Amino acid sequence: MNPLPLSSQLKQLLPRGRILDSPAQLAGYAADALGYKSYLPDAVVIPADADELVGFMKGARQLGVPVILRGAGTSLSGGPVAAQGGVVVHTSGLKRIREINVEGFWCEVECGVALNDLDAALKPHGVFYPPDPSSGPVCTLGGNVASNAGGAHCFRYGVTSNYVLGVEVVLLDGSVQRFGGPAGGRGPWREDWKRFMIGSEGTLGAFTRFWLRLLPLPEKVWTLRATYPDLRSIEAAIHALVAHSSYPAAIEMLDPRGVAMVETSQMAVGLPKGSFMLLLEIDGPPALVDARVGPVADLLRHAGSNDVVLSDQDAMRQKLWKARKAAGGLLGQLSPDYVVQDAVIPKSALADVLQLVYDEADAAGIRAVNVFHAGDGNLHPNFLFDSRVPGELEKVELISERLMRRVIEVGGTLSGEHGIGNDKSAYMPLVFGPDSMRLQWAVPAAFNPTHQLNPLKVFQNRRFAT
Amino acid sequence: MKTIAPMQAERLFTHFLDPVDGTLCLPASATATDIHAQTAGHRLRFPLVLDPGATLREHTAAATHAPASCRFGPYCDNILGINWRLPGGRLARIGERVVKTTTGYDWLRFLLHSGRRFGEPVDYVLRLRPDCGFNIEARFEGDSQALRGCVSRLLHSGWMHWWDAVDFITQDAGSFVRVSIHCPSEEAPIFEQQLNRIAAETAAKLSVRHDAQPPLDGLPDVTVKTTPDRAISLAGQLAREAERCVALCYNGVVHVHLGEGEDMAGRAHSLMQPHIGELHALGGDWHSRWLPATPPSLTESQWLETLERTIHAS
Ligand SMILES: Cc1cc2nc3c(=O)[nH]c(=O)nc-3n(C[C@H](O)[C@H](O)[C@H](O)COP(=O)(O)OP(=O)(O)OC[C@H]3O[C@@H](n4cnc5c(N)ncnc54)[C@H](O)[C@@H]3O)c2cc1C
């Protein structure tokens, strides 16, 4: 162990201006978007570029404290926080878009590039990068890759792991490894190591840059919004949509509690009281989507909606999205704290699992709002509570555990796009049996055997032993 | 938060068909014909087929992509879960039956094409797609410039999302571009209009067959992964030593069919030797079902040994 104090050691690795260690500075890094659990790091470093990040990682092992990578800190699972203390590495300096190759359908970006900045850079080339978490204006590609981010348009386009062709990563031994590249294969390696990197939540290495797959931009989008009087009829609509040949890009749902939240706010859009809202998009060449939009609207009506609104005009489409988008922001305003779960279930269990959320939350006196990616069966029950009120957090944890048990019973999984972090790590034994659990532990054992990188994440007892 | 007790047994997949979620669990020894028999009645299909008589295990051992990967992505995006037999004989559950997961490290994508080193697949959970009941196969013929123009137009617009496959095929008789489309029959005229437009713009000759079979090229002898913009010329070079090359244009994949002959392993190896440097520099790769995987480097061996220690301990 190095006898020097941490701050002196850090100054040997990085220029002075890149190191934050005053309590006021550190406070800004104590939590992620989950908010209610905070952990003050011992220091924060902000490398100016990839070389500085590599230089830091080469010396990181000697620091003898945990190292936590952090992009924009918008994680909803307690991912980029110093749960066991240590140094947070903020990647905001690595924000170059290095190449856009339209003919090859790929781009090369640094890990600190904000998702929407990439979108803006790609648009003039007629291509796009599909994963679209709602945190797009600020979240980084590093955070997206590390938590295998999804978004509203996953039903057709899929999640981040469907688009990562290559990853450059600095490991704790200081080596810089490239897994894959523009061609998206294994490169010179025998095995496809990038597969473990994607979704690894900062526990295997520090990503510096990525090669990402692109698609041509669809020329036209139709947005449709429908409301339903009950859970069974909206469920029928969702089931019919996922089997429909128009293959919607997005199938999103807001429940009556979410509708009420929007309608009693300044963001009200006039949704019927007590209704379930379904929002979907079909996109593609005009000739195709214009022919499809009629049958899709009919399908929505046939499932029981007498309130279908649709548009292909940008301004109106934004209005149709407004309730869905506003819901996310309102959650934070309505309650001092909230937990958002991220379970994925087979869609045949949708009504059943939502009912469990309502029953459990009502019985505990906890407000629950559901706004989620219905096409994927990716639930986001938001439990609103106040962590200052004794017992509230415990109630939410109990509901969450019962929810997770039910999710696993019906064949689902803990997380579809937010990752496990330290928020869902306790539930991992519900998913993995003895052998698959051993396989899971083998991965950090290969790349981060001391658990110095992001300890206490993914697995509750994955602790850095100094 | 309280600690949840570890599970005593693996939560293995049992065979099922979930028509609502569009998922199917069946043995890795099932063939595409077996899948079709189970799914057709539900108007669902598994589009990534190379050879209707080959098993799923043979498919994933031979290739990472199929022609319909143009629209639906590689096998690893369409196989959601696996019951995996570990070298010691026990079964472990890998992946999920739902369409999206970020729970734990992605062993599914790691193992799917890793050969037999870590064991073998016993059952697969497949993601199915709506079966619209109608297939179109279009063929563009013409000189090389016209064909490249066709591919560029097919891929560089929003239509690209709706072609099941865009393949550049090179064989003795010359080259052509094959497009396959799967759609409701009432949409066929809309697709054909676009194909005709492309043919007119590129001076390529277009022929269209309705109610065609999806393309079934058979299992490739060699699979190469490069970038989409290099796939056609690479296929052209490889075709000089092979019977047939199919470039899956958007995926940047070339399937090489060597044709009948002795020493498939030797032929595959010598065919690929001149290209390996460039492929690796691009983060691409190649493999042949006739050849064992290349030996790992020293660094890689250390990671593999750690994984193997755990896997063999199981
Ligand atoms: C309002 C809101 C809406 C959201 N909507 C969505 C949504 O629709 N879909 C969705 O999937 N998510 C959503 N999220 C969650 C979150 O935005 C995503 O998980 C996002 O990918 C996190 O990116 P980030 O840059 O903020 O990463 P951070 O929160 O900083 O970090 C996330 C994880 O990535 C690791 N990490 C970050 N950078 C690196 C690196 N360079 N190398 C290695 N590891 C790294 C961290 O250690 C951590 O484990 C939402 C969050 C908010 C607040």
Side-chain angles (χ1 to χ4, degrees), chain A residues 103-105 147-148 150 154 158-159 162 166 180-183 185-192 195-196 198-200 216 218-219 239 243 245 284-285 287-288 291 344 346-348 376-378 397 411-417 419-420 426 429-431 433 435-436 438-440 442-443 445-446, chain B residues 1 3-7 9-11 18 20-22 73 77 86 90 92-94 96-107 109-110 114 130 132 156-162 183-184 187 190 225-229 252 280 282-285 293-294 296 300 303 306-307 310-311 313-314:
Chain A
E103 287 306 309
F105 289 106
S147 45
N148 194 13
C154 288
V159 292
N162 303 149
R186 289 172 278 121
W189 304 97
R190 180 196 153 117
E191 303 295 341
D192 197 354
R195 301 303 181 184
F196 284 145
I198 304 163
S200 61
E219 292 83 359
H239 291 177
S245 60
L288 214 48
V344 191
K347 286 179 280 291
S348 48
D376 303 312
N378 188 184
E397 285 179 346
T413 194
L414 304 179
S415 174
E417 54 179 25
I420 300 298
L430 296 175
V431 177
D435 285 318
S436 47
R438 255 196 296 276
L439 295 185
Q440 286 293 319
V443 182
Chain B
M1 200 178 288
T3 305
I4 292 174
M7 232 188 291
E10 282 294 305
R11 224 165 39 101
D18 180 342
V20 174
D21 236 24
D77 292 350
L86 298 162
R90 291 223 295 275
R93 170 183 162 132
I94 308 289
E96 297 290 346
R97 60 168 282 180
V98 288
V99 298
K100 198 176 174 190
T101 174
T102 177
T103 306
Y105 301 103
D106 192 350
W107 271 96
R109 285 181 166 82
F110 182 82
S114 67
C132 309
H156 288 277
S157 86
W159 286 94
M160 180 265 153
H161 301 250
W162 303 100
C183 63
E187 285 185 359
I190 305 174
K225 181 81 183 79
T226 180
T227 56
D229 51 329
H280 286 175
L282 287 166
D285 62 36
T294 42
E300 191 170 17
W303 301 329
T306 308
L307 297 186
T310 316
I311 290 171
S314 300

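Reminder, nothing fancy here: chain letters follow the sequence lines and each chain counts from 1. Treat the numbers as computed from the prediction; the structure is a model and nothing was measured. All heavy atoms count here, side chains included; hydrogens, waters and symmetry mates do not.
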> If you apply the rule side chain to side chain contact (heavy atoms under 4.5 Å, CB included), what do you find for B:Leu307 with A:Phe196, and how did you get there?
CA-CA 12 Å; B:Leu307 297 186; A:Phe196 284 145; 3.9 Å; yes
> Judged by atom type as modelled, is there a donor-acceptor pair below 3.5 Å linking the side chain of B:Thr103 to the main-chain atoms of A:Ser415?
yes
> Between A:Pro346, A:Ser348, A:Pro218, who has the most heavy-atom pairs with chain B when the cutoff is under 4.5 Å?
A:Pro346
> Donor-acceptor pair, B:His161 side chain versus A:Pro285 backbone, under 3.5 Å?
no
> Where is the tightest heavy-atom contact between A:Leu288 and B:Glu187, given as atom of each residue plus distance?
CD1-OE1, 4.0 Å
> Is a side-chain donor or acceptor of A:Asp435 paired with a backbone partner of B:Ala92 at a separation under 3.5 angstrom?
no
> Atom CD in B:Glu96, atom CG in A:Leu414: separation rounded to 0.5 Å?
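The CG atom of A:Leu414 is 8.0 Å from CD of B:Glu96, to the nearest 0.5 Å.
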> Over all heavy atoms of both residues, which pair between A:Ile420 and B:Thr102 is shortest? Give the atoms and the distance, please.
CG1-O, 4.1 Å
> Under 4.5 Å heavy-atom distance to chain A, tell me which part of B:Asp18 shows up: side chain, backbone, both or neither.
side chain
> What part of B:Ala293 is in contact with chain A, defined as an atom under 4.5 angstrom from a non-hydrogen atom: side chain, backbone, both or neither?
both
> How close do B:Cys132 and A:Ser245 get, counting heavy atoms only, and between which atoms?
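Minimum heavy-atom separation between B:Cys132 and A:Ser245: SG-CB, 3.4 Å.
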> Checking B:Ile94 against chain A: side chain, backbone, both or neither under 4.5 Å from a heavy atom?
side chain
> Could you measure the distance from the CD atom of B:Glu300 to the CD atom of A:Glu191? Nearest 0.5 Å is fine.
6.0 Å
> To the closest 0.5 Å, what do you measure between CZ (A:Arg186) and OG1 (B:Thr294)?
6.0 Å
> Taking all non-hydrogen atoms of both residues, which atom of A:Pro216 and which atom of B:Gly158 are closest, and how far apart?
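Looking at all heavy atoms of both residues, the closest pair is CB-N, 4.5 Å.
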> Using heavy-atom distances under 4.5 Å, tell me whether A:Val159 contacts chain B through its side chain, its backbone, both, or neither.
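Contact with chain B: side chain only.
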> Looking at A:Ala442 and B:Thr310, what are the two nearest heavy atoms and their distance?
CB-OG1, 3.3 Å
> Give the minimum heavy-atom separation between B:Lys100 and A:Gly416, together with the two atoms involved.
CG-O, 3.4 Å
> Just so I understand: if I count every heavy-atom pair under 4.5 Å between each of B:Pro184, B:Gly252, B:Ser157 and chain A, which residue has the most?
B:Ser157
> For the side chain of B:Arg11 and the backbone of A:Gly433, is there at least one donor-acceptor N/O pair under 3.5 Å apart?
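Not a single qualifying donor-acceptor pair exists.
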> So, A:Gln440 side chain and B:Tyr105 main chain: donor-acceptor pair closer than 3.5 Å or not?
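Yes, the answer is positive, given that a donor and an acceptor are paired below the 3.5 Å cut-off.
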> Under a 4.5 Å heavy-atom cut-off, does chain B meet the side chain of A:Asn378, its backbone, both or neither?
side chain
> Under 4.5 Å, counting heavy-atom pairs only, tell me which of A:Gly187, A:Gly377, A:Ser200, A:Ala446 racks up the most with chain B.
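Looking at each option in turn, the highest pair count goes to A:Gly187.
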> Which bit of B:Ile4 comes within less than 4.5 Å of chain A, counting heavy atoms only: side chain, backbone, both or neither?
both
> Describe, in one word, how the ring planes of A:Trp189 and B:Trp303 are oriented to each other, choosing from parallel (under 30°), tilted (30 to 60°) and perpendicular (over 60°).
tilted
> Using non-hydrogen atoms only, which part of A:Ala445 is less than 4.5 Å away from chain B: side chain, backbone, both, or neither?
both
> Between B:Asp21 and A:Lys347, is there a donor-acceptor pair closer than 3.5 Å when you use the side chain of the first and the backbone of the second?
yes
> So which of A:Gly199, A:Ala291, A:Ala243 has the biggest tally of heavy-atom pairs under 4.5 Å with chain B?
A:Ala243
> Once you round to the nearest 0.5 Å, how far does CG of B:Asp106 lie from CZ of A:Arg195?
7.0 Å
> Is there a donor-acceptor contact under 3.5 Å from the side chain of B:Trp162 to the main chain of A:Gly284?
no
